[in-house]
Amino acid sequence: MPVQLDDGAGGLLKNKIEDLGLTVHTSTGTDKICDGETAYHRMVFKDAEPLDVDVVVFSAGIRPQDALAREAGLDIGERGGIVINDHCQTSDEAIYAIGECALWQNRIFGLVAPGYAMARAVADQLMGKTATFEGADMSTKLKLLGVDVASIGDAQMQTPGAKEMVLQDSAQGTYKKLIVDESSSRLLGAILVGDTTDYDLLLQAYLNEKTLPEHPAGLLFDTSSLSGGASASTMICSCHNVTRGDLVEAIHAGAHDLATLKDETKAGTGCGGCANMVKSVLDEELVAMGQEVNNHLCEHFEFSRQELFHICQVDSIKSFDELIEKHGKGKGCDICKPTAASVFASLWNEHVLEGSHRGLQDSNDLFLANLQKDGSYSVVPRVPGGEITPEKLIVLGEVAKKFDLYTKITGGQRVDLFGAQVEQLPEIWDTLISAGFETGHAYGKSLRTVKSCVGSTWCRYGVDDSVGLAIDLENRYKGLRAPHKIKFAVSGCTRECAEAQSKDIGVIATENGWNLYVCGNGGMRPRHADLLASDLTTEELVTLIDRVLMFYVKTGERLQRTSVWMESLEGGLDYLKQVVIEDSLGINTQLETQMQHIVDTYQCEWKTAVESEEKRATFMPFINSDQQSKDLGYQRVRGQRIPVTIVDPQLEE
């Protein structure tokens, strides 16, 4: 990471990792590893207190394979690597070296793009052309423990006269740094931490040396000005040196689907960072050619999720085998199987662990709990509206204490219990169900919570019973499966203490009824909810929510939040009003009937699972033994059970 980040970005990344409950040690070296006193191993540092750990993972970096070069007597770098010049020639002019074995200007490149650039330089020379290797684009975009990180170009400001512009939002956990040339007209590099949504546009501006706006500091807040002006020479894939013109030429030659386009041009097959841009160019060009843009779910179905939903509804298809036999090909994949499972659940509401459905589920739905990064699971019982009795609070504490679970109050006014082993889940659910709890569906693409303030019951500003409505709404929609998770909130007055306007469904009490807001969220692409209707009675409110949610379930794409769905609707909010208020499509009765079916057939998935011996047996780690899985020996840090401590030797300096 020292190559990609500066001190400011590194500090923010360290803080974000520590917010996950991990401990990060930097600027220290490991002197030796020996037997530990309180854990299996002890890491003895050169300038810090020793650390007892159970598992040590070494990040070894790149080790050049230069043994053959050594035997041949070629020049080798001090720390390994075959020394090459700008022509990729070794100390013997008849021998070339490229890739991670090659040491150019005392640097070894660990990415695929420089290797391809070296190969092109050598190939040109072998064909009699004049060519040199002048370095390569080291831009990267990756995720570190769930934290988005990106680096573009001269991230370390090595270019003479370079200037920097920095935006750091510690509250949101984001960092953006732009490096421009002396004239402030060209982007030399960038660093992004916490939010990498601008990576594609910034990378294109860097690779294609776009002229920046008069005041480039504005790009820290809005990069939309970089989106226009793409020409045939615009570089799309730096790994394989593919321009927009190359893609357009291949598309006009017959590469009309993404797989063929990648195969013909190699774009998107290197580091993969340009995949979205390749798809955008393909879609734009097909539209310009008057052809229909491919919206196929995956290679096994030549349909979108919306079309598959309609097929399953019309043909009453309830199993994946029947669906793929009649309307698909092959055996399916990890895209179409969970999508089909979601469609079946939205239409027929059968238990997700029934025989024909179980193999379709992802890791969370498969065990009805949230898989955590250490291999354990978290359990989130439903607490409608955040209202809970002292007796139920005591049960939650007793369960957490008995199974040594880390507990946390969530943003949705529930209690999350972390650290359960898979075989413990049925016993935990038994206890919670006996106390009156049921699954909170925190593991599913479904309704999560309905957050509320205390409303008119307690608050002197409240004008209506927000808690009561929140409980009723959560109990009504708690079994609904959707393309993505759904969150509600109900505020008892316009002071908005429940933050309803940042939710998929937001309700705010007024003197004359309820205002309904739709399609907001606070995720990776925050969006303020839109006001759909005002001063509604409770009955009118519920009817409209039924229609909006079922229309979203029916037409949304795979893993599409309501906020993105709204933006994808041609006509946006006005169109949605026409559908669910004016009944322009004549489907409102159908939408209401479908939602009522979901409500009437609700079942607590935990309860159904533990009451079936067959389903319960699937939670045992061994099919032929009652032996339990081994606890990893967690330690408590600030109240959390932490299994691993990270030590990064690459950050020593």
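Heads up: numbering here begins at 1 and tracks the sequence.
- In this structure, the side chains of Val55 and Tyr40 stay at 4.5 Å or more apart for every pair of heavy atoms.
- In plain terms, the two heavy atoms of Thr196 and Ala150 that are nearest each other are CG2-CB, 3.7 Å.
- Residues satisfying the side-chain contact (heavy atoms from CB on, under 4.5 Å) criterion with Ser456, sequence neighbours excluded, are Asp465.
- Side-chain atoms of Trp606 come within 3.5 Å of backbone atoms of Leu368 as a donor-acceptor pair (strictly under, hydrogens ignored).
- For residues 542-551, every residue pair satisfying the side chain to side chain donor-acceptor pair (under 3.5 Å) rule, not counting sequence neighbours, is listed here: Arg476-Asp546, Tyr477-Asp546, Arg547-Glu592.
- Interatomic distance, OG1 of Thr555 versus NE2 of His310, reported as 13.0 Å (0.5 Å rounding).
- The closest donor-acceptor contact from the side chain of Ser346 to the backbone of Ser342 lies under 3.5 Å.
- Leu544 pairs with exactly one of Ile505, Leu549, Val518, Val580 by the side chain to side chain contact (heavy atoms under 4.5 Å, CB included) rule, that one being Val580.
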Can Glu605 and Arg481 be said to form a salt bridge (charged side-chain N to carboxylate O under 4.0 Å, His left out), step by step?
CA-CA 12 Å; Glu605 291 177 349; Arg481 296 275 176 158; 2.9 Å; yes

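- Shown here is Asp600, whose CG atom has more than 12 heavy atoms of other residues, nucleotides or ligands within 6.0 Å.
- A distance of 7.0 Å separates NZ of Lys445 from CG of Asp365, quoted to the nearest 0.5 Å.
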Acceptor/donor pairs from residues 328-336 side chains to any protein atom, 3.5 angstrom cut, sequence neighbours excluded:
none

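- For Lys14, the side chain to side chain donor-acceptor pair (under 3.5 Å) test picks out Glu18, with sequence neighbours left out.
- With hydrogens and angles disregarded, a donor-acceptor distance shorter than 3.5 Å links the side chain of Glu540 to the backbone of Thr537.
- Across every non-hydrogen atom of Val490 and Val450, the tightest pair is CG2-CG1, 4.0 Å.
- For the atom pair OG of Ser466 and CH2 of Trp458, the computed distance is 13.0 Å after rounding to the nearest 0.5 Å.
- With hydrogens and angles ignored, the 3.5 Å screen pairs no side-chain donor or acceptor of Arg42 with any backbone N or O of Thr38.
- In this structure, CG in Leu591 is found 9.0 Å from CG in Leu585, a value given to the nearest 0.5 Å.
- When the ring-ring contact (aromatic ring centres under 6.0 Å, His included) test is applied to His351, no partner is found at least two apart in sequence or on another chain.
- Between Phe301 and Thr339, the closest side-chain pair of non-hydrogen atoms is not below 4.5 Å.
- You'll find the side chain of Leu13 stays beyond 4.5 Å of the side chain of Val24, heavy atoms only.
- Applying the ring-ring contact (aromatic ring centres under 6.0 Å, His included) definition to pairs two or more places apart or across chains, those involving residues 365-392 are Phe367-Tyr377, Phe367-Phe619.
- Ion pairing between a basic and an acidic side chain is recognised when a charged N comes within 4.0 Å of a carboxylate O; Lys607 and Glu611 show such pairing.
- At least one donor-acceptor pair closer than 3.5 Å links the side chain of Asn475 to the backbone N or O of Ile471.
- Side-chain contact, Thr174 with Asp195: no donor N or O sits under 3.5 Å from an acceptor N or O.
- Using modelled atom types and a 3.5 Å distance limit, the side chains of Asp416 and Thr410 yield no donor-acceptor pair.
- For Asn364, the side-chain contact (heavy atoms from CB on, under 4.5 Å) criterion is met by Asp362, Asn370, Leu371, Tyr443, not counting sequence neighbours.
- For Lys392, the NZ atom is densely surrounded, since the number of other residues' heavy atoms within 6.0 Å is greater than 12.
- Within the 4.5 Å cutoff, the side chain of Phe551 has heavy atoms near those of the Leu576 side chain.
- Ser491 is linked by a side-chain contact (heavy atoms from CB on, under 4.5 Å) to Glu496, Ala498, Ala500, Ile508, counting only residues two or more places apart in sequence or in another chain.
- For the residue pair Ala39 and Asp54, the shortest heavy atom distance occurs at CB-OD1, 3.4 Å.
- Here the shortest heavy-atom pairing between Leu447 and His441 reads O-CB, 3.8 Å.
- In this structure Ser363 satisfies the side chain to side chain donor-acceptor pair (under 3.5 Å) test with no other residue, sequence neighbours excluded.
- Of the possible donor and acceptor atoms, one in the side chain of Ser502 sits under 3.5 Å from a partner among the backbone N and O of Glu499.
- Checked by atom type and distance alone, the side chain of Thr618 pairs as donor or acceptor with a backbone atom of Lys615 at under 3.5 Å.
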Just distance, no hydrogens or angles: give the donor-acceptor pairs under 3.5 Å from side chains in residues 312-320, sequence neighbours left out.
| from | atom 1 | to | atom 2 | distance (Å) |
| --- | --- | --- | --- | --- |
| Gln313 | OE1 | Lys554 | NZ | 3.0 |
| Asp315 | OD2 | His327 | NE2 | 3.3 |
| Ser319 | OG | Glu322 | N | 3.3 |

Pair Arg616-Glu423, salt bridge (charged side-chain N to carboxylate O under 4.0 Å, His left out): steps then yes or no
CA-CA 9 Å; Arg616 191 168 185 137; Glu423 69 272 9; over 6 Å; no

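- In this structure, Gln361 contributes its side chain and His357 its backbone to a donor-acceptor pair below 3.5 Å.
- A side-chain donor-acceptor contact under 3.5 Å links Gln372 and Ser378.
- In terms of the side chain to side chain donor-acceptor pair (under 3.5 Å) criterion, Thr431 has no residue partners (sequence neighbours excluded).
- Closest approach of Gly492 to Cys453, counting heavy atoms only: N-SG, 3.1 Å.
- In this structure, Leu323 CG and Ile311 CD1 are separated by 7.0 Å, a value rounded to the nearest 0.5 Å.
- Applying side chain to side chain donor-acceptor pair (under 3.5 Å) to Asp504 and the options Arg448, Arg561, Arg527 leaves one that passes, Arg561.
- At distances below 3.5 Å, at least one donor-acceptor pair connects side-chain atoms of Arg305 with backbone N or O atoms of Gly556.
- With sequence neighbours left out, Thr601 forms a side-chain contact (heavy atoms from CB on, under 4.5 Å) with Asn349, His597.
- Inter-residue side-chain proximity for Leu51 and Thr23 is flagged as unmet; no heavy-atom pair is nearer than 4.5 Å.
- Smallest separation of non-hydrogen atoms from Arg382 and Glu474: NH1-OE2, 2.8 Å.
- At a threshold of 4.5 Å between non-hydrogen side-chain atoms, the residues Leu396 and Thr407 do not count as touching.
- Dense packing is recorded around CD of Glu557, with more than 12 heavy atoms of other residues, nucleotides or ligands lying under 6.0 Å away.
- Note that CG of Asp530 is 10.0 Å distant from OG1 of Thr562, once rounded to the nearest 0.5 Å.
- Side-chain contact check for Ser376 versus Gln421: some heavy-atom pair is nearer than 4.5 Å.
- With hydrogens and angles ignored, the 3.5 Å screen pairs a side-chain donor or acceptor of Arg414 with a backbone N or O of Gly440.
- By the 4.5 Å heavy-atom criterion applied to side chains, Glu438 and Lys478 are counted as neighbours.
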